[in-house]
Every structure is written in C-alpha cells, then in structure tokens.
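Below, all heavy atoms of this structure are taken into account, side chains as well, without hydrogens, waters or symmetry copies. Per chain, numbering begins at 1; letters A, B, ... match sequence-line order.
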Number of protein chains: 2
Amino acid sequence: MNDLDLGAFIKDHRKNAGLTQLELADLAGIGKTTVFDIEKNKETVRFNNLLAVLHVLNINVEFKSPLTK
Amino acid sequence: MNDLDLGAFIKDHRKNAGLTQLELADLAGIGKTTVFDIEKNKETVRFNNLLAVLHVLNINVEFKSPLTK
DNA sequence: CATTATATACTGTTTTAGCAGTAAAAATAT
DNA sequence: ATATTTTTACTGCTAAAACAGTATATAATG
C-alpha cells in the first residue's frame with residue numbers, strides 16, 4: 001500500500017511546474033535544503049513543511065482507513 | 001479540500017482500537033506528548049512520527065494531484 | 001567545447017520538536 | 001460520591017531539523 005516514492009513524485013510535479021528547488025522553497029516559505037531533503041525522502045522533515053510544498057504543487061493528501069473506505 | 005480534522009480522525013481511530021494515548025505512543029515508538037500534539041493538530045510534528053501513528057492505526061496516506069487523478 | 005543553471009553535498013549556527021517527569025483537569029468506573 | 005483512569009498542560013533538557021552560506025558535481029544550453 002502506497003509504497004510510492006513521494007520524493008520522486010514531488011520532484012516530478014516540481015519539474016512539471018517549471019520550478020527549481022530554490023523557487024519551490026521560496027514559494028513554500030522554507031529553505032532549499034528542506035526541499036532537497038523531501039525529494040530525497042527524508043521522513044524526519046516537519047509535517048507542515050511537507051504540506052507547504054504539496055500545497056504549492058497542488059498535491060492533495062488523503063487519509064483513509066480500510067474501514068471507512 | 002481536505003479540511004479534515006486529522007487530529008480528531010486519529011483520535012477516533014485510536015478510541016476505536018481501544019488504545020490510550022500512552023499505549024498508542026508506545027506502539028508507535030514515540031512519546032505521549034507527540035501523540036497528544038498530533039491529536040491537537042499540531043502540524044510541526046515530524047512526518048515520520050505522524051506516519052508511525054497512522055501505521056499503528058492502519059490508516060493509509062494517499063497523495064494525488066488533480067492531474068493524475 | 002565552454003558557460004550557465006541547477007542539483008547535490010557539506011559546513012556551523014539557531015531554532016525547536018521530542019521527550020520524560022510531573023501535576024492538574026476531565027472523563028470513566030466502582 | 002470517590003476512586004481510578006485518561007487526558008491535558010506545563011516544565012527543563014537534549015537531540016536534531018531547519019537554515020544560509022559555500023563548494024563541488026551534474027545537467028542543460030549556446
């Protein structure tokens with residue numbers, strides 16, 4: 001389940017939006033290092049920073065349990 | 001979109017699993033304070049800690065862009 | 001090729017999340 | 001009601017995420 005490479009997924013969407021890591025970082029209001037880390041699948045990043053990146057790239061997050069699905 | 005109250009969602013599933021915050025924290029391998037913070041929608045928690053909680057509760061995370069959807 | 005832009009990597013520093021411990025408030029049970 | 005459990009809240013302390021700056025490597029462009 002969801003063994004998606006989130007880093008690659010984000011990088012792909014960033015490229016698609018024509019943004020550099022630095023531009024994405026600025027738009028998301030975070031440092032370039034963090035964007036780099038996120039694309040490298042560093043999971044110890046702060047949730048809000050990840051959300052900021054996802055928001056800029058128009059990526060949605062959904063939480064679903066097998067029950068409610 | 002997704003203005004879901006993730007904290008309440010998690011709390012609900014925790015209750016449903018018959019777990020206390022402390023038990024969930026131990027199962028997830030994190031501190032009780034962090035579980036409390038997560039249920040209070042503190043978004044500055046580390047992503048891996050949130051994932052650990054979601055994993056214990058069998059909650060899946062999905063990332064989707066309007067494009068690929 | 002050379003040149004520019006971008007990505008990766010590595011610093012030192014600052015900020016803060018995470019933590020256990022404790023205590024008090026709220027909920028649950030007896 | 002009064003125990004008991006659970007949750008909420010508040011501490012310092014420590015570890016590490018975040019950051020800008022810099023440097024090198026890689027990729028793209030002329």
Side-chain angles (χ1 to χ4, degrees):
Chain A
M1 19 177 132
N2 220 346
D3 51 319
L4 163 70
D5 184 343
L6 179 60
F9 183 72
I10 288 176
K11 181 171 189 169
D12 215 59
H13 278 72
R14 174 176 61 79
K15 291 286 193 185
N16 216 291
L19 296 173
T20 67
Q21 289 182 336
L22 183 58
E23 287 169 335
L24 175 55
D26 288 342
L27 286 172
I30 66 178
K32 66 189 188 334
T33 308
T34 304
V35 169
F36 173 72
D37 288 341
I38 287 175
E39 292 190 353
K40 280 290 181 192
N41 289 311
K42 185 183 169 197
E43 291 187 337
T44 51
V45 292
R46 285 187 211 151
F47 185 49
N48 61 326
N49 285 344
L50 177 59
L51 287 179
V53 165
L54 294 175
H55 184 251
V56 169
L57 298 176
N58 235 15
I59 299 174
N60 267 49
V61 193
E62 284 187 15
F63 303 93
K64 41 176 65 175
S65 70
L67 307 169
T68 58
K69 181 164 53 173
Chain B
M1 348 185 143
N2 220 344
D3 49 320
L4 162 70
D5 185 343
L6 180 59
F9 183 72
I10 288 175
K11 181 172 189 170
D12 215 60
H13 278 72
R14 172 176 63 78
K15 290 287 192 186
N16 217 292
L19 297 172
T20 67
Q21 290 181 336
L22 183 59
E23 287 169 335
L24 175 55
D26 288 344
L27 286 172
I30 67 177
K32 66 187 186 341
T33 308
T34 303
V35 169
F36 173 72
D37 288 341
I38 288 175
E39 292 190 354
K40 280 290 180 192
N41 288 313
K42 184 182 168 197
E43 291 187 337
T44 52
V45 293
R46 286 187 210 152
F47 185 48
N48 61 324
N49 286 344
L50 176 60
L51 287 179
V53 165
L54 294 175
H55 184 251
V56 169
L57 298 177
N58 234 15
I59 299 173
N60 268 48
V61 192
E62 283 186 15
F63 303 94
K64 42 176 66 174
S65 68
L67 306 170
T68 58
K69 182 163 52 174

J.: What is the distance from CG of A/Leu51 to C1' of D/dA18, rounded to the nearest Å?
T.: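 After rounding, the reported distance stands at 16 Å.
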J.: For the residue pair B/Pro66 and A/Asn58, what are the closest heavy atoms and their distance?
T.: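 Heavy atoms of B/Pro66 and A/Asn58 come nearest at CD-O, 3.0 Å.
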J.: Find which nucleotide of DNA chain C each of A/Phe36 and B/Asn48 is nearest to by heavy atoms, and output the residue with the more 5' nucleotide.
T.: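 Here A/Phe36 is the residue nearer the 5' end.
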J.: Is the phosphate of D/dA17, meaning OP1 or OP2, less than 4.0 Å from a side-chain N or O of A/Asn49?
T.: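 No, outside the criterion.
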J.: Which distance, rounded to the nearest 0.5 Å, do you find between the CD of B/Gln21 and the NZ of B/Lys15?
T.: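 Here the rounded value is 8.0 Å.
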J.: Would you name the heavy atoms of A/Asn41 and A/Leu6 that are closest together and state the gap between them?
T.: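 Reported closest heavy-atom pair: OD1-N, 3.6 Å.
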J.: If I take atom CD1 in residue B/Ile38 and atom C1' in nucleotide C/dA17, what distance separates them, rounded to the nearest angstrom?
T.: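 Going from CD1 in B/Ile38 over to C1' in C/dA17 covers 11 Å.
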J.: Quickly work out the B/Glu39 CD to D/dT6 C1' distance and round it to whole Å.
T.: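 Roughly 11 Å, once rounded to whole Å.
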J.: Give the rounded distance in Å between these two atoms: CZ of B/Phe47 and P of C/dA17.
T.: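 That distance rounds to 17 Å.
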J.: Under 4.0 Å from any atom of DNA chain C, heavy atoms only: list the residues of residues 14-32 of chain B that qualify, in numerical order.
T.: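 Close to the strand are B/Ile30, B/Gly31, B/Lys32.
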J.: Taking the axis from the first five pairs and the axis from the last five, what angle separates them in the helix from C/dC1-D/dG30 to C/dT30-D/dA1, rounded to 10 degrees?
T.: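 Roughly 60°, once rounded to the nearest ten degrees.
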J.: Phosphate oxygens OP1/OP2 of D/dA9: is one of them under 4.0 Å from a side-chain N or O of B/Lys42?
T.: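 B/Lys42 to D/dA9 OP1/OP2: no side-chain N or O under 4.0 Å.
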J.: Measure across A/Glu39 and A/Lys11 and return the closest heavy-atom pair with its distance rounded to 0.1 Å.
T.: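 Answer, listing the atom of A/Glu39 first, then A/Lys11: OE2-CA, 3.6 Å.
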J.: What heavy-atom pair brings B/Glu23 and B/Gly18 nearest, and what distance separates the two atoms?
T.: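 Minimum heavy-atom separation between B/Glu23 and B/Gly18: OE1-O, 3.8 Å.
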J.: Once you round to the nearest 0.5 Å, how far does CG of A/Asn16 lie from CG of A/Leu57?
T.: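 A/Asn16 atom CG to A/Leu57 atom CG measures 9.5 Å (nearest 0.5 Å).
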J.: Which atom pair, heavy atoms only, marks the closest approach of A/Ala52 to A/Ala28?
T.: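 Shortest heavy-atom contact: CB-O, 3.6 Å.
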J.: Which atom pair, heavy atoms only, marks the closest approach of B/Ile30 to B/Val53?
T.: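 For B/Ile30 versus B/Val53, the nearest heavy atoms are CD1-CG2, 3.6 Å.
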J.: Are any of the side-chain heavy atoms of B/Phe47 and A/Ile38 separated by less than 4.5 Å?
T.: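 Side chain of B/Phe47 against side chain of A/Ile38, heavy atoms only: no contact under 4.5 Å found.
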J.: Is B/Thr44 near enough to C/dT16 that one of its side-chain N or O atoms lies under 4.0 angstrom from OP1 or OP2?
T.: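 Checking C/dT16 against B/Thr44, no side-chain N or O comes under 4.0 Å of OP1 or OP2.
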J.: Just the rounded figure in Å: distance from P of C/dA17 to CD of B/Glu43.
T.: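 In whole Å, C/dA17 P and B/Glu43 CD are 12 Å from each other.
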J.: Would you mind telling me which of C/dG21, D/dT8, C/dG18 lies closest to the side-chain atoms of B/Thr33?
T.: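 Nucleotide nearest to B/Thr33's side chain: C/dG21.
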J.: Between atom NZ in A/Lys40 and atom P in D/dT26, what is the gap in whole Å?
T.: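 It is 12 Å, rounded to the nearest whole Å.
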